[in-house]
4 protein chains.
Amino acid sequence: MREESRDRIVAAALELFARRGFAATSVRMTAERAGVAQGLLYNYFESKDALLQAIFDRSMADVRESFEVAESDADPSARLERLVRAALEIVDRNREFWRLSYQIRMQPEVLASLGEDVVGWAEATRAHLESLLRDAGAAQHYVLDPENYPVDDVCREIVARFTPAGGGNGGRPT
Amino acid sequence: MREESRDRIVAAALELFARRGFAATSVRMTAERAGVAQGLLYNYFESKDALLQAIFDRSMADVRESFEVAESDADPSARLERLVRAALEIVDRNREFWRLSYQIRMQPEVLASLGEDVVGWAEATRAHLESLLRDAGAAQHYVLDPENYPVDDVCREIVARFTPAGGGNGGRPT
Amino acid sequence: MREESRDRIVAAALELFARRGFAATSVRMTAERAGVAQGLLYNYFESKDALLQAIFDRSMADVRESFEVAESDADPSARLERLVRAALEIVDRNREFWRLSYQIRMQPEVLASLGEDVVGWAEATRAHLESLLRDAGAAQHYVLDPENYPVDDVCREIVARFTPAGGGNGGRPT
Amino acid sequence: MREESRDRIVAAALELFARRGFAATSVRMTAERAGVAQGLLYNYFESKDALLQAIFDRSMADVRESFEVAESDADPSARLERLVRAALEIVDRNREFWRLSYQIRMQPEVLASLGEDVVGWAEATRAHLESLLRDAGAAQHYVLDPENYPVDDVCREIVARFTPAGGGNGGRPT
DNA sequence: AATGAATGAGCCTTCATTCAT
DNA sequence: GATGAATGAAGGCTCATTCAT
């Protein structure tokens with residue numbers, strides 16, 4: 001039950017930070033959304049900053065794990081498709097997180113206040129993800145408007161492009 | 001004279017809003033950076049929100065104008081290249097603004113508080129810009145790390161792609 | 001067992017209240033120092049204020065008792081010396097308490113919130129103690145820096161002063 | 001007028017800190033007593049701690065100056081009396097301050113948070129003052145209950161004691 | 001007897017904003 | 001046009017206190 005309160009706080013914070021921005025979201029508001037008293041937040045997190053860091057920690061672990069599972073696929077012929085699907089799923093499952101992530105990547109000071117690992121990780125994952133999803137435009141587009149995104153088309157096309165005999169416009173800059 | 005103070009405030013605000021986020025930037029800080037008393041800000045802008053709106057107005061006008069000039073080129077053979085170069089220049093000249101713009105596009109509530117026109121404009125320009133620069137990945141990449149961006153290569157390639165006989169993968173999703 | 005927890009709480013509270021002040025000491029801190037959960041404190045005391053009152057009760061009883069023992073000495077020739085030694089011992093044994101007591105005597109509002117008895121007692125004891133220890137300066141000095149206090153000299157001198165044939169400056173204002 | 005607000009804040013703070021204790025006095029309460037908005041306090045002082053330090057600075061300067069004036073008296077025969085009267089006046093004029101000072105001297109942590117100079121000064125002045133006023137008991141008594149303090153008797157007696165031919169109980173420990 | 005998660009009032013501080021100068 | 005003292009609401013955080021376990 002201890003974990004439940006903590007999780008609800010993290011979930012509420014992620015949602016609000018993502019949609020309103022970290023600085024514009026008050027702790028009071030976050031606690032309210034999580035359905036707990038505001039003081040409780042400080043039983044689990046040392047500060048509002050620490051809560052932000054915790055969100056990154058959790059999502060980073062989730063992403064890392066998803067990729068590892070996908071990459072461990074033994075069958076080479078299915079591997080690419082699984083990776084691409086995993087990438088889309090990762091974006092999908094953590095949509096709020098990416099939204100938050102995009103904001104913070106634009107703010108050098110805030111970014112620096114998070115641990116070193118976040119900075120490196122954010123860059124690495126973005127590269128990883130985008131090399132699969134073709135480009136940040138796709139990812140960003142998908143984050144903002146998932147309904148109208150042609151997931152299957154994109155998926156099929158990506159696979160096609162990376163499969164021998166496909167060729168075409170290969171060496172595009174990212 | 002009047003305009004000089006106003007401009008310095010707008011410039012300071014843009015820089016700070018972009019690098020630290022709108023909510024995390026205080027009016028005091030902005031006035032300090034602009035080298036004026038904090039009260040003066042309210043001679044020119046009704047509120048902090050109005051200042052943000054003013055930044056959008058100014059940058060929107062700048063972008064619009066740049067495009068118009070480029071598109072008015074009479075010579076068809078040079079037109080595409082000029083447009084592409086204009087797009088890169090626009091991003092370059094307003095780098096802080098794009099940084100800010102990306103943050104705010106992620107925040108539905110903030111976005112809505114700006115005028116309707118901003119919402120539509122932001123979307124339209126992004127599409128316009130990105131259809132030229134290929135994708136937001138490129139634009140975003142360029143915003144964050146302009147030093148290492150292969151401007152000329154990209155430019156050449158884009159022109160190539162849109163020039164007859166290029167063809168190929170045209171209908172890519174954005 | 002019951003008493004042990006209670007005593008540890010009182011001891012911890014006395015130490016912290018004395019060295020950091022009552023208001024600046026948190027219940028959490030006190031419980032931590034006592035090595036118990038913070039909730040337990042409310043099994044023994046109705047409130048933080050009641051804990052303060054309890055400290056006074058305990059120390060007041062201790063002081064009272066010490067004096068009674070000393071004053072009950074039958075042998076007139078030894079009586080004075082024993083009283084003086086008792087006074088010094090009382091100060092010594094309850095050093096933290098005096099420290100706390102001095103602080104609170106300066107704060108009319110806090111003092112009033114304690115029971116009526118405390119106010120009267122504090123004044124009476126101080127007078128009693130100081131008439132023996134010569135003055136609050138001595139007592140206060142001794143509280144703050146017991147190492148360098150010439151206990152024996154003071155003791156001897158006091159006895160001398162109050163012993164017939166000493167006389168001299170008797171009716172000094174306190 | 002800037003100075004007036006500042007002074008009113010300092011005066012209100014001194015009074016409240018002295019009578020209720022530093023930690024138990026809220027900034028809101030202080031501002032209210034001073035008749036200003038609570039935010040204004042931070043135009044003049046960086047923090048509540050800084051305000052406490054400012055109080056010490058001001059009173060320390062006042063005390064120092066009073067002593068200097070008294071000590072500069074050329075006439076040797078009047079000098080002692082003037083010094084003693086000055087000491088009493090100093091205590092009188094800064095009664096709230098001494099009250100506060102006594103409290104804080106009992107709290108090692110708070111004391112340490114004030115500048116080094118305060119620690120040394122407090123000790124030196126106390127010694128200085130008390131060697132004149134005979135002892136902290138007198139001073140403390142006078143602080144708490146000035147109405148009933150036999151100022152003139154004490155003054156006369158002190159002078160007598162330090163004047164040649166007086167002698168008597170000279171080498172008392174302080 | 002004992003724990004510590006949970007509460008919400010209140011703390012110190014910062015903020016956007018106003019207005020006399 | 002420009003200043004900065006002044007305001008009071010709101011922010012992040014800590015606190016004394018309660019209560020289910």
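Reminder, nothing fancy here: chain letters follow the sequence lines and each chain counts from 1.
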To the nearest Å, how far apart are C:Phe45 CZ and E:dA2 P?
12 Å
Is the phosphate of F:dA5 approached by D:Ser5 (side-chain N or O, under 4.0 Å from OP1 or OP2)?
no
Would you say the side-chain atoms of B:Ser59 pair up with the backbone N or O of B:Phe56, donor to acceptor, closer than 3.5 Å?
no
What residues, two or more places apart in sequence or in another chain, satisfy salt bridge (Lys or Arg N to Asp or Glu O under 4.0 Å) together with D:Asp62?
D:Arg93
Any residue meeting side-chain hydrogen bond (donor to acceptor under 3.5 Å, both in side chains) with B:Arg99, in chain and number order, not counting sequence neighbours
none
What pairs with A:Arg64 under salt bridge (Lys or Arg N to Asp or Glu O under 4.0 Å), at least two apart in sequence or on another chain?
none
Reading DNA chain F 5' to 3', how would its secondary structure be written in dot-bracket notation, given Watson-Crick and G-U pairs with both distances under 3.5 Å, brackets [ ] for crossing pairs and | for partners on other strands?
.||||||||||||||||||||
Would you please name every residue forming a side chain to side chain contact (heavy atoms under 4.5 Å, CB included) with D:Val63, sequence neighbours left out?
D:Phe67, D:Ile90, D:Asn94, D:Trp98, D:Trp121, D:Thr125
Residues 4-39 of chain B vs ring-ring contact (aromatic ring centres under 6.0 Å, His included), sequence neighbours excluded, gives B:Phe17-B:Phe22
Do any of residues 8-21 of chain D sit with a heavy atom less than 4.0 Å from DNA chain F, and if so which?
none
Can you tell me how far C1' of F:dG12 sits from CG of A:Leu52, to the nearest Å?
15 Å
Pairs in or reaching into residues 22-34 of chain A: which pass salt bridge (charged side-chain N to carboxylate O under 4.0 Å, His left out), with residues at least two apart or in two chains?
A:Glu15-A:Arg33
Under the side-chain hydrogen bond (donor to acceptor under 3.5 Å, both in side chains) rule, collect the residues that match up with C:Arg58, sequence neighbours excluded.
none
Pairwise salt bridge (charged side-chain N to carboxylate O under 4.0 Å, His left out) hits with a residue in residues 100-116 of chain B, at least two apart:
B:Arg105-B:Glu123
Which residues pass the salt bridge (Lys or Arg N to Asp or Glu O under 4.0 Å) test with A:Arg19, sequence neighbours left out?
A:Glu96
Contact state string [nucleotides 8-15 of chain E, B base, S sugar-phosphate only, - no protein heavy atom under 4.0 Å]:
B--SSBBS
